[in-house]
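Input: a single structure, listed below in structure tokens.
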Amino acid sequence: MKTQILSGYDGESVRVAADILKNGGLVAIPTETVYGLGANGLDENAVAQIFVVKGRPQDNPLILHIADTPDMERYAHDIPAEAYRLAEAFWPGPLTMILPAKPIVPKRTTGGRDTVGIRCPDSDVTRAIIRAAGVPVAAPSANTSGKPSTVTAEHVLHDHDGKIEAVVDGGHSRVGLESTIVDLTEFPARLLRPGGITPEQLLGVLGSLIVDEAVTAEIDPEKVVKAPGMKYQHYAPQAPVVIIAGSREKAADYIHHFFQPGDRVLCFQEELPLYADCNPLAYGREDDPATLSAGLFDALRELDRPDIGRVYARCPEGGGIAYAVQNRLKKAAAFHIVNAEVAQ
Ligand code: TXA
Ligand code: MG
């Protein structure tokens, strides 16, 4: 099959993409977080194709994307007041809510669960496509399973050219990391994945929030987890990644000591001069963590090459969007972290 590249700034693309979705095909859609691999979320056969193309485990549920907040009532029941408050504050935007699923949502979409993740993305073209298709769009991040997410149409084509009907090119995803996921089927609400809506913002609306253990630690693959996607290896380039924590100077000493030809350093722009002889790649500015979130997956994809030995990575500290960057980078490193203040 030939994958069409549709402009995200052309009204005709909306019609073409919506027709493909209505006919059971796959379209990669731009969103403010990452690109999604979309299909009609109510069509079991179309959804099954997502799992095939992505190489995704069947028990890993998909997020349903809607165009407007009231549509959540078509797919979820017993929606708590908190969900309306969060939608009011953060939709359209990088927030997914886990809610009790109505029977209209196929088990294929929910990975066999009785809950469904719902999100209203902050992308005009994607919301227009969803409206024109008249169905909710089930879409995981468009990367091949286990690989860093796709934040440009080029990334999507790299992974799926010839395997999907179309990709809608809406430019680089603004946030660059997948949505924040909050489970509202229990009280207090539970943070399953940090993202563009920060824990501080959630707390401001909810008043209380439990952080799931999968956010901060490595999960035993045998264990039953709240968000099945969290037990799988994620975001990892081919070479092993190790995070070097500690002060700028101590980290640079450590990395220079162990650096071998063929290794790479993934660092902050402010640190580039320190690693001039270590083939460094900067993914953003430490003093502006939104640039780190926007640049992380570009960098991890660039490092996804067989000829790289080891990646030494620098990780931002603190809350806000940096909290989500830490989560993705730690997962890419399989939680392999060395504290340069005490190691040598
Ligand atoms: O920003 C995003 O969320 C992107 C864009 C395309 O919207 N999508 C995305 O989807 O990141 P995906 O499939 O790569 O990650 C969704 C995560 C998975 O870890 C999955 O297990 C979890 O959400 N999830 C989905 N539905 C769930 C449910 N009903 N209960 C618990 N976890 C769920
Ligand atoms: Mg994903």
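For reference, positions follow the sequence shown, starting with 1. In listed order, ligands and their atoms are each counted from 1.
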May I ask whether P121 has any heavy atom positioned less than 4.0 angstrom from an atom of ligand 1?
-> no
Hey, does V116 sit under 4.0 Å from ligand 1 if you only count heavy atoms?
-> yes
Heavy-atom contacts with [X] under 4.0 Å: which atoms of ligand 1 show up? List them by number with element.
X    : answer
H65  : 5 (C), 6 (C), 7 (O)
G36  : 6 (C)
R193 : 2 (C), 3 (O), 9 (C), 11 (O), 15 (O), 16 (C), 17 (C)
I181 : 17 (C), 22 (C), 23 (O)

With heavy atoms under 4.0 Å as the rule, classify the contact between [X] and ligand 1 as side chain, backbone, both or neither.
X   : value
E32 : neither
N60 : side chain
P61 : both

Side chains of T31 and R119: do they bring a donor and an acceptor to under 3.5 Å?
-> yes
Under 3.5 Å, is there a donor-acceptor pair linking the side chains of S179 and R193?
-> yes
Can an N, O or S atom be found in S141 less than 2.8 Å away from the Mg ion (ligand 2)?
-> yes
For D159, the option from K54, R301, K147 that meets side chain to side chain donor-acceptor pair (under 3.5 Å) = R301
From [X] [atom1] over to [Y] [atom2], what is the distance, rounded to the nearest 0.5 angstrom?
X    : Y    : atom1 : atom2 : result
I20  : N40  : CD1   : CG    : 13.0 Å
T115 : L184 : OG1   : CG    : 11.0 Å
D122 : S173 : CG    : OG    : 11.0 Å

Looking at ligand 1, does any of its N/O atoms fall within less than 3.5 Å of an N/O of T33?
-> yes
Of K2, M1, Q4, which is the lone residue that meets side-chain contact (heavy atoms from CB on, under 4.5 Å) with E165?
-> M1
Check against side-chain contact (heavy atoms from CB on, under 4.5 Å), F90 and T180 | CA-CA 11 Å; F90 304 122; T180 303; over 6 Å; no
Nearest neighbour of atom 12 (P) of ligand 1 from the list P100, A138, S141, A101, on a heavy-atom basis | S141
